[in-house]
Number of protein chains: 2
Amino acid sequence: MDLRIHTRESVAQMLRGRGINPTHQRIEIGLALFENPRHSSADEILALVNARHTEASKATVYNTLKLFVEKGMVRELIVDPNKVFYDSNTSVHHHFYDVITGELTDIPAEGVHIDGLPSLPPGSITEGIDVIVRIRQGH
Amino acid sequence: MDLRIHTRESVAQMLRGRGINPTHQRIEIGLALFENPRHSSADEILALVNARHTEASKATVYNTLKLFVEKGMVRELIVDPNKVFYDSNTSVHHHFYDVITGELTDIPAEGVHIDGLPSLPPGSITEGIDVIVRIRQGH
DNA sequence: ATTCGGATTAGACAAAGTCAAAATTATAAA
DNA sequence: TTTATAATTTTGACTTTGTCTAATCCGAAT
Ligand SMILES: [Mn+2]
Ligand SMILES: [Mn+2]
Ligand SMILES: [Zn+2]
Ligand SMILES: [Zn+2]
């Protein structure tokens, strides 16, 4: 079901579909996020986007990532104290997090059940549930 | 079971029990963490410790919190992109996180069951499992 | 008193991210 | 086409959180 998004035109359509004006910079940033999906930091995206020619400034990368998060195109992962990771996989899923290397690995949500959570504080609604399995190598 | 730690002497004993030399600064920082437990940032601890008289420098607060984490006296919570929170409750438990206010609320681990997690990547061991229920106020 | 290791400190520094104002680009009117 | 207007991007200064190093301080133990 997960059609590849790896051309500038498919990214542009995705943007239009979310009501985002598909500018050159936004398309390049979207492409960096979706052409080979992974968990990348803003700085990595910045470097990736500007690898060949300079395409977008730091401010634009940060602004655009924030916009993409707002519009539900990517998901923020708060797991490393030093930087935010952006997950181009927006389907519900969880993560292994190697606390030494910083590597993130997806855990599909299918099959994962969480039981016995208490009811929410009154008046509040759930934004989402993050499960992070912190792992490390060795004994 | 949860004996209050709220005197300088009880903090000193806790430090000795963990093989930490109980210096004046460490005792003050420990007291700030344990006398009324909550989820506080390094900056809040720094302010709290130096509220009456100046007791410890920024470097010492950061060094000491890191030491306390190493020795298992407090737990780091990575949940806010801007700062680390230190949890003086080291028993296994989870958290509600209000994404608007930044407020953290404990979820006792009793009764919470997590099912169907895949097996770990080969060669790795679990450091811990964090469940963060992101909430917000209103519809 | 001197020594020595551990602990603390000041302050410079680094990394991640934000912000405001200027400059650029796109869109629409005239 | 010119002109006006709105949207977007850029620059570079700035903030926040945290780290690092070298100097100092402290507390035993000689
Ligand atoms: Mn940081
Ligand atoms: Mn930050
Ligand atoms: Zn993921
Ligand atoms: Zn807690």
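Order of the sequence lines fixes the chain letters, A, B, ..., with proteins taken first and strands second; residue numbering starts at 1 for each chain. Since we're looking at a predicted model, the values are computed, not measured.
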Protein-nucleotide distance ([X], atom [atom1]; [N], atom [atom2]), rounded to Å:
X       : N      : atom1 : atom2 : result
A:Ile27 : D:dT9  : CD1   : C1'   : 15 Å
A:Phe85 : C:dA15 : CZ    : P     : 16 Å
A:Tyr62 : C:dG17 : OH    : C1'   : 5 Å
A:Asp80 : D:dG18 : CG    : C1'   : 13 Å
B:Lys83 : C:dG17 : NZ    : P     : 15 Å
A:Leu65 : C:dT18 : CG    : P     : 10 Å
A:His53 : D:dT10 : NE2   : P     : 15 Å
A:Lys66 : D:dT9  : NZ    : P     : 15 Å

Q | Residues in salt bridge (charged side-chain N to carboxylate O under 4.0 Å, His left out) contact with A:Arg134, at least two apart in sequence or another chain | A |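 So A:Arg134 forms a salt bridge (charged side-chain N to carboxylate O under 4.0 Å, His left out) with B:Glu127, B:Asp130.
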(Q) Return a single string for nucleotides 5-14 of chain C, one symbol per nucleotide in 5' to 3' order, where B is base contact, S is sugar-phosphate-only contact and - is none, cutoff 4.0 angstrom on heavy atoms. (A) --SSBB-B--
Q.
Closer than 4.0 angstrom, basic N to acidic O: yes or no for B:Glu28 and B:Arg8?
A.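 Yes.
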Q: For the pair A:Glu103 and A:Arg136, find out whether any cationic side-chain nitrogen is under 4.0 Å from an anionic carboxylate oxygen.
A: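 Result for this pair is no, no salt bridge flagged.
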Q: Test salt bridge (charged side-chain N to carboxylate O under 4.0 Å, His left out) on A:Lys83 and A:Glu76 and set out the steps.
A: CA-CA 10 Å; A:Lys83 52 190 149 201; A:Glu76 264 182 323; over 6 Å; no
Q: Apply ring-ring contact (aromatic ring centres under 6.0 Å, His included) to the pair A:His39 and A:His95, showing each step before the final yes or no.
A: CA-CA 11 Å; A:His39 308 98; A:His95 294 92; 5.0 Å; yes
Q) Residues in side chain to side chain donor-acceptor pair (under 3.5 Å) with B:Gln25, at least two apart? A)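 Side chain to side chain donor-acceptor pair (under 3.5 Å) check on B:Gln25 returns nothing, list empty.
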